[in-house]
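See below for the structure under consideration.
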Amino acid sequence: MTNALPEITRSDLDPEDSIVILTGAGISKESGLDTFRDADGIWKKVRLEDVATPEGFARDPDGVHAFYNARRRTLLDTEVVPNAAHEALVRLEREWPGGVLLVTQNIDDLHERAGSSPENLIHMHGELFKVRCDPCGVIFDWRTDLSRQDPCPACGRPEGLRPHVVWFGEMPLDMERIHHALTRCGLFLSIGTSGTVYPAAGFVQVAKLEADAHTVELNLEAGEGSSLFDQHVHDLASRAVPAFVDMLLAGL
Ligand code: BJW
């Protein structure tokens, strides 16, 4: 089913059921940020092995810093702002009685800027506006360019700072809390993600098999694991998400 008017097909979704939402790069596309795997995506311009693996960083730290510095500057561009999809999720979080956990694979801060509350938001792949010192483990807010020469503000060691993001082969963040929420939710929404990167791509199965949740894919097109979802809305996030949220809240 594509472009269908969104409606919850399962009749037993209770307002007290919790909702887990997974977002990916597609939700930020209409805010001016590139996705990874679309025709004009980031992985068409750079090799992920070079910029999104610990091995790539060890080989060429300056090149990896340049890649994340450029993305940090883009995110600071005044034209990059949250869109109607980010805003609709704020409404859902504020008004849904059963509670909402928002898990984003995105390292941008558009959910925060739209108004999502930090206590219900997990950046499972890290944050662009944070850096981490590998030797001492301290995490810092960081909005400017980062270079190899920058000493750690905590331990003073040079060459130890890196973007606080999760590269291939590294463990995503807050997995225990995410798993706990997935195994108890009544509704799982996957928004703007191609479903190619694990463990996020497996969340739909956890929600279905362990919580018997209703699962919905809201994406421009069918993602990798599309057949695993109960319901599909294939449209722009800025249209699909507000419409879906309106429908959920109208049923209260
Ligand atoms: C729109 C739209 C609009 C466009 N409206 N929609 C073999 C089999 C299975 C797994 C593995 C394997 N070999 C290795 C692995 C594990 C590996 C993995 O999954 N690899 C796959 C590639 C196969 N995963 C890992 O290594 C992860 N760690 C891990 O597994 O640890 C072990 C572990 C074990 C057990 C439990 C837990 C952990 C780490 C993955 C780290 C990913 N990091 C990146 C970079 C982060 C920093 C950065 O941003 O630079 O994260 S890669 C990149 O992909 C980024 C994204 O978060 C992630 C997902 O991408 P996303 O968001 O889905 O974007 P796209 O572009 O793929 O899709 C966008 C979608 O939007 C498209 O479908 C469009 O159609 C749609 N769209 N415009 C709505 N306007």
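Counting starts at 1 for both ligands and their atoms, in listed order.
Distances from atom 57 (O) of ligand 1 to the heavy atoms of H164, H125, R239 put H125 nearest. Counting heavy atoms only, S194 comes closest to atom 67 (O) of ligand 1 of the residues G192, G195, S194. Considering each of N106, T193, L48, the one bringing a non-hydrogen atom nearest atom 61 (P) of ligand 1 is T193. The option with the heavy atom closest to atom 20 (N) of ligand 1, from among F168, W167, Y68, is F168. Between atom 44 (C) of ligand 1 and the options V197, V165, V166, the minimum heavy-atom separation is to V166. One option in K29, H234, H123, E221 has a heavy atom closer to atom 75 (O) of ligand 1 than any other, and that option is E221. Distances from atom 77 (N) of ligand 1 to the heavy atoms of G26, A237, G24 show the closest one on G26. Here the shortest heavy-atom distance to atom 32 (C) of ligand 1, taken over R71, M124, M171, belongs to M171.
Using a 4.0 Å cut-off between charged nitrogen and carboxylate oxygen, K44 and D38 do not count as a salt-bridge pair. Checked for salt-bridge contact, R91 and D246 meet the test: a charged N lies under 4.0 Å from a carboxylate O.
At a heavy-atom distance under 4.0 Å, only side-chain atoms of I107, from C-beta outward, approach ligand 1.
Within the listing of ligand 1, atoms 25 (C), 26 (O) sit less than 4.0 angstrom from a heavy atom of G169. Listed by number with element, the atoms of ligand 1 under 4.0 Å from a non-hydrogen atom of E170 are 27 (C), 28 (N), 29 (C), 31 (O), 39 (C). Those atoms of ligand 1 with a heavy atom of E30 less than 4.0 angstrom away are 3 (C), 5 (N), 80 (N).
Other members of the cluster containing V166 are L173, with ILVMFWY side chains joined at under 4.5 Å, either directly or via other members.
Among residue pairs with one or both ends in residues 74-133, those qualifying as ring-ring contact (aromatic ring centres under 6.0 Å, His included) are H86-H111; sequence neighbours excluded.
Of all protein heavy atoms, the one lying nearest to atom 25 (C) of ligand 1 is Y198 O, 3.6 Å.
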